[in-house]
Visitor: 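Next up is a structure, given as structure tokens.
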Amino acid sequence: MSSKIKSEINFLVELDENRVPEKILWTAQDNGINVEEAKAMMLSIWDSKKQETLRIDLWTKEMPVDEMKLFFHQTLVAMSDTFQRATDDQKMADTMKDFCDYFAEKLELTK
């Protein structure tokens, strides 16, 4: 009988009286992350039965707009890389990267 390896990633969100996130803390002990603070997070989970994506998008009151723009850009670039690895569709991954370049240019993120 083989033993299964399990790994946990935990999120703790502290909310104000209006249920607006004030602090996001996360732990991923397998990667040496123990109660680190984050200003924003995006989590997507695929529900195969319903054929739809379930999402949690949170950001704290302290997340500046300029950092949010960088966060989105870097997330889009990472999604392009993940799409290429998951599908081996280089042509579409390149198209997605072109959009990421356009996105960065329009938001003046490139230096």
Side-chain angles (χ1 to χ4, degrees):
M1 178 190 276
S2 68
S3 62
K4 303 256 181 187
I5 298 172
K6 295 182 180 182
S7 180
E8 284 190 22
I9 301 171
N10 294 298
F11 297 95
L12 176 66
V13 181
E14 294 180 11
L15 306 171
D16 69 9
E17 63 278 354
N18 296 315
R19 302 190 57 82
V20 175
E22 288 189 325
K23 190 179 280 190
I24 300 169
L25 302 168
W26 69 294
T27 299
Q29 290 183 339
D30 285 358
N31 285 333
I33 299 166
N34 190 25
V35 192
E36 293 288 330
E37 192 167 345
K39 291 183 182 176
M41 65 174 276
M42 291 186 215
L43 177 65
S44 297
I45 299 172
W46 180 246
D47 183 331
S48 186
K49 291 177 185 172
K50 293 182 180 179
Q51 293 287 295
E52 65 184 24
T53 301
L54 308 173
R55 297 182 23 214
I56 299 172
D57 302 324
L58 297 174
W59 56 93
T60 66
K61 297 175 187 181
E62 302 302 317
M63 181 68 167
V65 172
D66 60 330
E67 287 185 27
M68 183 61 88
K69 291 176 181 181
L70 284 169
F71 178 53
F72 264 83
H73 178 256
Q74 291 176 12
T75 299
L76 290 169
V77 171
M79 288 175 64
S80 301
D81 293 337
T82 301
F83 180 84
Q84 195 283 322
R85 286 193 318 274
T87 65
D88 201 29
D89 187 338
Q90 188 65 52
K91 185 176 180 181
M92 183 53 70
D94 289 343
T95 300
M96 292 170 71
K97 290 260 173 100
D98 288 343
F99 173 75
C100 292
D101 292 342
Y102 173 80
F103 186 90
E105 178 185 324
K106 289 299 179 185
L107 290 178
E108 299 178 350
L109 300 177
T110 54
K111 295 178 180 178

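The model shown is predicted, which means the values in this text are computed figures rather than measured ones. Only heavy atoms go into these numbers, but all of them, side chains included; no hydrogens, no water, no symmetry mates.
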Visitor: Crowded around E8 CD? As in, over 12 foreign heavy atoms under 6.0 Å?
Guide: no
Visitor: Please check if any side-chain donor atom of Q90 sits under 3.5 Å from a side-chain acceptor atom of Q84, or the reverse.
Guide: yes
Visitor: How close do Q29 and N34 get, counting heavy atoms only, and between which atoms?
Guide: NE2-OD1, 3.7 Å
Visitor: Do L15 and M41 sit in the same hydrophobic cluster, where Ile, Leu, Val, Met, Phe, Trp and Tyr count as joined when their side-chain heavy atoms come under 4.5 Å apart?
Guide: yes
Visitor: side-chain contact (heavy atoms from CB on, under 4.5 Å) for E52 and L54? Distances and angles first, verdict last.
Guide: CA-CA 7 Å; E52 65 184 24; L54 308 173; 3.9 Å; yes
Visitor: Apply side-chain contact (heavy atoms from CB on, under 4.5 Å) to F83 and M96, showing your working.
Guide: CA-CA 9 Å; F83 180 84; M96 292 170 71; 3.8 Å; yes
Visitor: Work out which heavy atom in F103 is nearest to a heavy atom in K69; give both atom names and the distance.
Guide: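 Looks like CE2-O, 4.0 Å.
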Visitor: What distance do L76 atom CG and D101 atom CG have between them, rounded to the nearest 0.5 Å?
Guide: 11.0 Å
Visitor: Can you name the nearest heavy-atom pair linking K6 to D30, along with the distance?
Guide: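 Looking at all heavy atoms of both residues, the closest pair is O-OD2, 4.2 Å.
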Visitor: Membership question, hydrophobic clusters at under 4.5 Å side-chain separation (ILVMFWY): are I56 and M68 in the same one?
Guide: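 Not linked; separate clusters.
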Visitor: Do the non-hydrogen side-chain atoms of K23 and L12 ever get within less than 4.5 Å of each other?
Guide: no
Visitor: Are K61 and E22 close enough, and set up right, to give a side-chain contact (heavy atoms from CB on, under 4.5 Å), and what steps lead you there?
Guide: CA-CA 6 Å; K61 297 175 187 181; E22 288 189 325; 3.1 Å; yes
Visitor: What are the two closest heavy atoms between S80 and C100, and how far apart are they?
Guide: OG-SG, 3.8 Å
Visitor: Using every non-hydrogen atom in the two residues, find where N18 and D16 come nearest and quote the distance to one decimal.
Guide: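 Looking at all heavy atoms of both residues, the shortest contact is N-OD1, 2.8 Å.
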Visitor: Determine whether I24 and E37 make a side-chain contact, defined as any pair of heavy atoms from C-beta on separated by less than 4.5 Å.
Guide: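 Contact flag for I24/E37 side chains = no.
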Visitor: Does any non-hydrogen side-chain atom of F11 lie less than 4.5 Å from one of L25?
Guide: no
Visitor: Under 4.5 Å between side-chain heavy atoms, counting indirect links through other Ile/Leu/Val/Met/Phe/Trp/Tyr residues: same cluster for L58 and F71 or not?
Guide: no
Visitor: Would you say M63 and F72 are hydrophobically clustered, going by side-chain heavy atoms of ILVMFWY under 4.5 Å?
Guide: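 Yes, because M63 and F72 connect within a single hydrophobic cluster, where side-chain heavy atoms sit under 4.5 Å apart.
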Visitor: State, to 0.1 Å, how close T27 and V35 come at their nearest heavy-atom pair, and which atoms those are.
Guide: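 So the minimum-distance heavy-atom pair works out to OG1-N, 3.0 Å.
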Visitor: Do I45 and L43 have side-chain heavy atoms sitting under 4.5 Å apart?
Guide: yes
Visitor: Would you tell me whether Q51 and D47 have side-chain atoms, one donor and one acceptor, within less than 3.5 Å of each other?
Guide: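 Note: Q51 and D47 side chains miss the donor-acceptor criterion.
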Visitor: Same cluster or not: F99 versus M92, using hydrophobic residues (I, L, V, M, F, W, Y) connected whenever any side-chain heavy atoms lie under 4.5 Å apart?
Guide: no
Visitor: For I9, does the CD1 atom have more than 12 heavy-atom neighbours from other residues, nucleotides or ligands under 6.0 Å away?
Guide: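 No.
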Visitor: How many angstroms lie between atom CG of N10 and atom CD1 of I33, to the nearest 0.5 angstrom?
Guide: 12.0 Å
